Amino acid sequence: MGRYRSEITRRRHNWWKKATLQAPWYALFCFGALAGCGQQPGIEQTKIENVEERSQDLRQIIADGIASGTREIVIPPGCYRVVPQNREHLLLRGLKDVTIIADGVEMVCTETTRAITIEDCTNLTLRGLSIDYDPLPFTQAVITAISEDKSRWEVEFLAGYPEPGDTTGSVEIFDPSTNRLKGRVTYYGTRTQSTGPRKGTVQKSGNQAIFANEAVGDLVVIKTSHAPGGEIPHAIMSTASTNLTFENVTLFAANSFGFFENGCDGSKYLGCRVERRTPASDPVRRSHPRVRSLNADAYHSKNAQRGPQYERCVAFHMGDDAIAINGDFHMVMGGEGSQLRVLAKHRMTMQAGDEVQIFEYDGTRLANRKILSIEPEGSRDEADNAFLAKQNMNDRLRDTALKEAYRVVLDEPVDVPVGTLICSADRIGNGFAIRDCHLGFNRSRGILVKSGRGEITGNHLEGSAMTAILVSPEYWWLEAGLSDDLVISGNKISDGGGMGIAVVAVGGNGSLAPSGAFRNIIVRDNQIQGGASPGMLLASIEGLVDVNNSVETDASKTLNSWEIGAWGQGGVQAVMLPNSQPAPQTP
């Protein structure tokens, strides 16, 4: 197959029939015309002429290439403005052995909904594409007044940014002199209301006034929505796909996660970037530069069979984690012998034949077992409700998940208490790699991993508000699993607000897991400078190698009380190794 270049005068009217009736794979696209890249009607702004605008339909170019049977589709450089259909700007489904080359191409999403959905694709490569939103999925405002009790602000929305109207959500505070997050506080459940043209009020919820560190003149960043047809989250969402490659793809904005994959196998992210757009390249003139990139995580992988490879990637200034890799925990509610009654987190992600990890309620890890069979067995009952009501877990997860029960039969009997967590060891992203990435200046973690047989090597993390590298299962979100055979090496961590490197497991009852929750963890040649103590927390490990790590913490920075678990009740130190056993010395 040859390389395909767009011919604008091709037979567009006959494409749909040809693609749907004759193509051996199928792809669905919606069509929209260019309306001036970066210029949204009704929003105060001045367009900057810096990218060639293209009049043809971006999706038609791709669709014509697919219909022609070519394996390599080249999109002419330029800026393409796209209108979504069915809440997606672009849908790629069922493609096999296709490469889309979009060097010098920018796609502007005209609503704050999904940019690209990828489903059931194999060996699909997307190269060079940049994605932005107009209007943006967030707004920026300046605080003009603060109430005496610190619970309420008056704000003025800056020119070039959308007005949020009346909305409830989280807000973050930025220092306008540095354009960086101010402190380590995110205010959740705030209520924003319009009080006039480009003016509004922001009311904190509950007792959040006690965390106040904002001042008049600070910047407020608030999530906004412009999706008349409805909104679905995330910029690029990939599901049930194998050997995807994203190369030099850039995201300047997203309504939630940037790159999100679920149930994929062997994805690669090479030289991809998540960053806020500079004023010089921004097609909209704004009264203050953007201080945020994405609203949530930059790169997130869930339930991967072979874990993703992140190499030379960048992620700055997003509203949550930089890179997260995990699976789903399900909760054991009873059983006898080898038969367990299990509530699925959302959908059941374990299958017959899977090897499973079992994490008891007190943090003890059992030997892995194998699933012989799994069958539906009714729904959550009153006894389940009573137990879940007492658990330290996310309220939304407690209320909307854990609905369906299953009977899981294992190859060997187990005796575990209610609240024990179980997950597929084959779908937590084992075999991942995070290499030579530059991450940071975000409100949460830099790297958050719950998988094993992988490496976190040669990365530079700076300015993350929470732990820079965290390896930990999470009962709060029911995110799995327990890491084995992991190398954390040669990373440089600086200017963080929390811990540098933490490997730690806590049971559902809040107790620190004993040794063996993690197995065979190598931590060596890492440099940690700044951040709170402990700069390095290596807990609950059987087979720890801790070699040549440099740790220097900042006494002026301390962890919040909720960040200190059972491991720190007796105080914290720069380096802590509770419940960990060193690997045997080799002769």
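What you are looking at is a predicted structure, and each value in this text was computed from that prediction instead of being measured.
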Taking the basic N atoms (NZ, or NE/NH1/NH2) and the acidic carboxylate oxygens, is any pair closer than 4.0 Å for [X] and [Y]?
X: Glu311; Y: Lys268; answer: no
X: Glu156; Y: Arg198; answer: no
X: Glu563; Y: Arg184; answer: yes
X: Arg445; Y: Asp321; answer: yes
X: Arg276; Y: Asp282; answer: no
X: Asp328; Y: Lys450; answer: no
X: Asp132; Y: Arg290; answer: yes

Pairwise distance [atom1]([X]) to [atom2]([Y]) - rounded to 0.5 angstrom:
X: Asn394; Y: Leu478; atom1: CG; atom2: CG; result: 9.0 Å
X: Phe432; Y: Tyr310; atom1: CZ; atom2: OH; result: 10.0 Å
X: Arg273; Y: Ser130; atom1: CZ; atom2: OG; result: 10.0 Å
X: Asn509; Y: Asn392; atom1: CG; atom2: CG; result: 11.0 Å
X: Arg398; Y: Leu388; atom1: CZ; atom2: CG; result: 7.5 Å
X: Arg396; Y: Trp477; atom1: CZ; atom2: CH2; result: 5.0 Å

Test item: [X] side-chain N/O and [Y] main-chain N/O as donor-acceptor pair under 3.5 Å:
X: Gln357; Y: Leu482; value: yes
X: Ser293; Y: His317; value: yes
X: Asn491; Y: Ile456; value: yes
X: Thr139; Y: Ile222; value: no
X: Thr167; Y: Thr192; value: no
X: His89; Y: Arg114; value: yes
X: Glu479; Y: Tyr475; value: no
X: Thr553; Y: Gly531; value: no
X: Thr467; Y: Ile469; value: no
X: Tyr299; Y: Val314; value: yes

For [X] and [Y], work out which heavy atoms get closest and say how close.
X: Leu512; Y: Ser540; answer: CD1-OG, 3.7 Å
X: Ala468; Y: Gly500; answer: CB-O, 3.3 Å
X: Val572; Y: Ser533; answer: CG2-O, 3.9 Å
X: Asn303; Y: Gly327; answer: OD1-CA, 3.4 Å
X: Gly535; Y: Val551; answer: CA-CG1, 3.9 Å
X: Leu294; Y: Ser256; answer: CB-O, 4.0 Å

Checklist line | CZ (Arg524) with more than 12 external heavy atoms under 6.0 Å | finding: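 Open: at most 12 neighbouring heavy atoms sit under 6.0 Å from CZ of Arg524.
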
Checklist line | Within 6.0 angstrom of Lys557 NZ, more than 12 heavy atoms from elsewhere | finding: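 Yes.
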
Tell me, do [X] and [Y] make a side-chain contact under 4.5 Å, heavy atoms counted?
X: Leu537; Y: Trp567; result: yes
X: Val449; Y: Ile323; result: no
X: Thr224; Y: Leu136; result: no
X: Ser194; Y: Asp166; result: yes
X: Ile173; Y: Tyr187; result: yes
X: Phe259; Y: Val274; result: yes
X: Arg152; Y: Thr201; result: yes
X: Val291; Y: Val221; result: yes

Next item on the list: May I have the step-by-step check of side-chain hydrogen bond (donor to acceptor under 3.5 Å, both in side chains) for Ser444 and Asn442, ending in yes or no?
Entry: CA-CA 6 Å; Ser444 192; Asn442 56 310; 5.5 Å; no

Notebook entry, point to check: Which residue pairs pass the salt bridge (charged side-chain N to carboxylate O under 4.0 Å, His left out) test when at least one of the two sits in residues 217-228, sequence neighbours left out?
Noted result: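 Pairs touching residues 217-228 that pass the test: Lys182-Asp218, Lys223-Glu231.
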
Next item on the list: Test salt bridge (charged side-chain N to carboxylate O under 4.0 Å, His left out) on Arg180 and Asp495 and set out the steps.
Entry: CA-CA 12 Å; Arg180 287 180 55 178; Asp495 196 27; 3.0 Å; yes

Next item on the list: Please step through side-chain contact (heavy atoms from CB on, under 4.5 Å) for the pair Thr144 and Val216, ending with a clear verdict.
Entry: CA-CA 5 Å; Thr144 58; Val216 170; 5.5 Å; no

Note to self: Under the criterion salt bridge (charged side-chain N to carboxylate O under 4.0 Å, His left out), I'd like the reasoning laid out for Lys204 against Glu214: C-alpha separation, chi angles, the key distance, then a yes or no.
What the structure shows: CA-CA 12 Å; Lys204 297 179 186 177; Glu214 61 275 3; 2.7 Å; yes

Next item on the list: Check Asn548, Asp546, Asn549 against Asn526 for a side chain to side chain donor-acceptor pair (under 3.5 Å) and give me the one that passes.
Entry: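 Exactly one pass, corresponding to Asn549.
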
Item checked: Sole residue of Gln203, Gln193, Arg191 in side chain to side chain donor-acceptor pair (under 3.5 Å) with Thr168 ->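 For Thr168, the side chain to side chain donor-acceptor pair (under 3.5 Å) test succeeds with only one of Gln203, Gln193, Arg191, which is Arg191.
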
Quiz question: by atom type and distance under 3.5 Å, do the side chains of [X] and [Y] form a donor-acceptor pair?
X: Asn579; Y: Ser515; result: no
X: His300; Y: Asn262; result: no
X: Ser301; Y: Glu261; result: yes
X: Arg87; Y: Thr113; result: no
X: Thr117; Y: Glu88; result: yes

Next item on the list: I would like to know whether Arg292 and Glu172 meet salt bridge (charged side-chain N to carboxylate O under 4.0 Å, His left out); could you show each step before the answer?
Entry: CA-CA 10 Å; Arg292 173 183 284 181; Glu172 295 172 340; 2.9 Å; yes

Item checked: Ring-face cation contact, Tyr161 with Arg286, 6.0 Å cut, 45° max ->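 Verdict for Tyr161: a cation-pi partner in Arg286.
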
Note to self: Ring of Phe359, cation from Arg365 - is the NZ or CZ under 6.0 Å from the centre and inside 45° of the axis?
What the structure shows: no

Margin query: As a quick check of understanding, evaluate side-chain hydrogen bond (donor to acceptor under 3.5 Å, both in side chains) for Thr349 and His330, giving each step before the final call.
Written below: CA-CA 9 Å; Thr349 54; His330 309 288; 2.8 Å; yes

